[in-house]
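Worksheet: the structure to be examined is printed underneath.
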Amino acid sequence: MESIKIKLDKIYDFVSKNDVFSYKNEISKHILAIENKTGKGNDFLGWLDLPSSISETEISKIEKTAALLKSKVEILVVIGIGGSYLGSKAVIEALSNSFEALNSNRKNPLVVFAGQNISEDYTHELIDLLDTKSYGIVVISKSGTTTEPAIAFRILKNHIEKKYGKEEAKQRIVAVTDAKRGALKQVANNEGYTTFDIADDIGGRYSVLTAVGLLPIAVAGFNIRKLIDGAKHIEKNSGNNVAFEENICAVYAAARNALYEKGKTNEILVNYVPKLHFVAEWWKQLYGESEGKENKGIFPASVDFTSDLHSMGQYIQEGLRNIFETVISIKEPNSNVAVPTDSANIDGLNFIAGKRIDEVNKMAELGTMIAHVDGGVPNIRIELPKLNEYYIGQTLYFFEKACAISGYILDVNPFDQPGVEAYKKNMFALLGKPGFEKETEEIRKRI
Ligand code: PA5
C-alpha cells in the first residue's frame with residue numbers, strides 16, 4: 001500500500017531547506033519525549049500507539065454495537081461537541097456520497113449530529129425529523145459534564161423515551177464516556193445503556209480512533225479496520241527510528257514552524273474536494289486547541305477550493321502576507337466524469353472536451369499554487385492516493401503526530417485547553433448556575 005506524501009518545493013522561495021532541516025535534531029528529541037512520555041502533557045499520550053494497540057475485543061464490540069444500531073434505526077443522532085464529534089463527522093463526510101442524505105435506498109443509517117451547538121431552531125428541526133423517523137442515539141462526552149451535549153441529551157432522552165417507551169429507548173442509546181467519572185457515566189449506569197470507555201490518557205481532539213470516532217463511522221457503513229490500518233502505517237513510519245526526511249510528521253512540523261519563524265503566522269488548510277470540508281474543521285480544532293496558548297501558535301484556517309477562490313481567493317492572493325497554505329490533494333478520484341464535446345461550443349469549452357473533470361481540478365490546483373506562491377503565499381502539499389478509509393486513517397494519525405511534535409517545538413502543552421474554560425465561566429455566571437454567585441454579580445456589572 002502507498003503512503004500519503006508531503007511536498008515542500010513551493011515553500012522554498014520563503015524558507016530555505018536549511019531552515020526546515022535545522023529542526024531535525026530538535027524534532028528527534030521531541031519524538032523521543034513523546035515516545036518516552038517525558039514532555040509536557042505526558043499523561044495525555046494514550047492516542048500515540050492506539051492504532052497498533054486497540055484490541056480486537058474493542059473493535060468487535062464497536063462493530064457489533066454498530067450492527068445492532070444499524071438493524072434498528074434509520075437515523076443515528078451523535079451527541080457531542082469538539083473532539084467528541086468532529087472526528088467522526090470528518091471521516092463520514094469524507095467517505096460518504098455527497099447526496100447520501102437524499103438517498104431513500106440508503107443501506108446504512110444517516111448519521112446526524114446534536115449537542116455541537118445550542119441553537120434552538122436546529123434542535124427543533126431535529127426533533128421534527130426524529131418524530132417521523134426511526135432513530136437511535138450515541139451520546140459522547142469524555143467529561144460527561146459538557147453543557148451543550150448535556151442539554152441535547154436531556155431533550156433527546158426525553159423524546160426517545162416518549163417515542164419508544166423506556167425499555168426500548170435503552171436499547172437505542174449508547175454512551176461513550178469516562179470509565180468512572182461524570183454525570184453521563186452515572187446516567188448510563190443507572191439506565192443500563194451499552195457503554196464504551198474513553199481512556200483517561202486520550203484527550204477529545206486525539207480520540208477519533210477510539211469508539212468516539214469509530215462507532216459513528218461504523219454505523220455510517222465504513223470499514224473501521226481499514227481506517228485503523230492506515231493510521232497504523234503512519235504510526236510505524238513516524239517513530240524516532242525513522243529518518244527525518246522519511247518521517248512526514250516531522251517534515252510537516254518542521255516546515256510549518258520554519259514558516260512561522262518567518263512571520264507566516266496563519267496556516268490555511270486547502271482542499272479541492274468539498275468532502276474534505278470537515279477534515280479541515282477537525283484539523284482546525286486539533287491545531288487550534290493544541291497550539292494556541294501562551295500568546296503563541298499558528299492560527300489555523302481553512303478554505304474549500306475552487307469555491308472559495310471566488311471569495312477568500314482575493315485575500316489569499318493580495319491581502320496581508322502572513323499566511324501559508326497546506327493543500328490536501330487527492331491523486332485519483334473514485335469516479336470518472338469527462339467534459340462532453342458540444343458542436344455549438346458557445347461556452348468556448350471545447351478545448352477541454354474529453355478531459356476528466358479531475359484534470360481541470362488539478363490544473364486549477366496547480367495554477368492556484370503558482371499564483372499564490374507568486375503572491376507571497378508559501379504552499380505545502382499533502383497528497384492522498386485516494387479518498388478511502390485507509391488513506392483517511394493515515395491522514396488523521398499524520399496530523400495528530402505532527403501536531404504533538406509541532407506543539408513541542410512551540411514549547412506548549414499540546415494536550416490541554418485551559419483557554420476553553422473562560423467562556424464557560426461567563427456563560428454559567430450569566431445563567432445563574434449555583435456555585436457561580438460571585439461571578440454572576442461581577443459579570444452583571446459589566447452588561
Ligand atoms: O479536545 C478536547 O478535549 C475538547 O474539544 C473536547 O473534546 C470537548 O470540549 C468536548 O468535551 P467532552 O467530550 O468532555 O464533552
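Quick caveat: nothing in here was measured; it's all calculated off a predicted structure. Remember, it's 1-based here, ligands and their atoms both numbered in the order they're listed. What's counted below: heavy atoms across the whole structure, side chains too, no hydrogens, waters or symmetry copies.
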Point-to-point distance, once rounded to the nearest 0.5 Å, from NZ of Lys226 to CD of Gln394 |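 Answer for the NZ-CD pair, Lys226 versus Gln394, is 13.5 Å.
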Tell me, yes or no, whether the heavy-atom count around Phe99 atom CZ, taken from other residues, nucleotides or ligands under 6.0 Å, exceeds 12.
->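 No, because the 6.0 Å sphere around CZ of Phe99 holds 12 heavy atoms or fewer from other groups.
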Relative to the ring of Phe415, is the ring of Trp47 parallel (under 30°), tilted (30 to 60°) or perpendicular (over 60°)?
->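 Trp47 and Phe415: tilted rings.
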Take the angle between the ring planes of Tyr287 and Phe399 and call it parallel below 30°, perpendicular above 60°, tilted in between.
->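 Tyr287 and Phe399: perpendicular rings.
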Closest heavy-atom pair and its distance - Lys163, Thr132 =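 Closest approach of Lys163 to Thr132: NZ-N, 4.1 Å.
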Kindly state each residue pair satisfying salt bridge (charged side-chain N to carboxylate O under 4.0 Å, His left out) with at least one member in residues 415-425, sequence neighbours excluded.
->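 Output for this query lists Lys293-Asp416, Glu421-Lys424.
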Neighbouring residues of ligand 1, heavy-atom cut-off under 4.0 Å |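 Contacting ligand 1 under 4.0 Å are Ile81, Gly82, Gly83, Ser84, Ser141, Lys142, Ser143, Thr146, Gly204, Arg205, Gln285, Glu289, Gln417.
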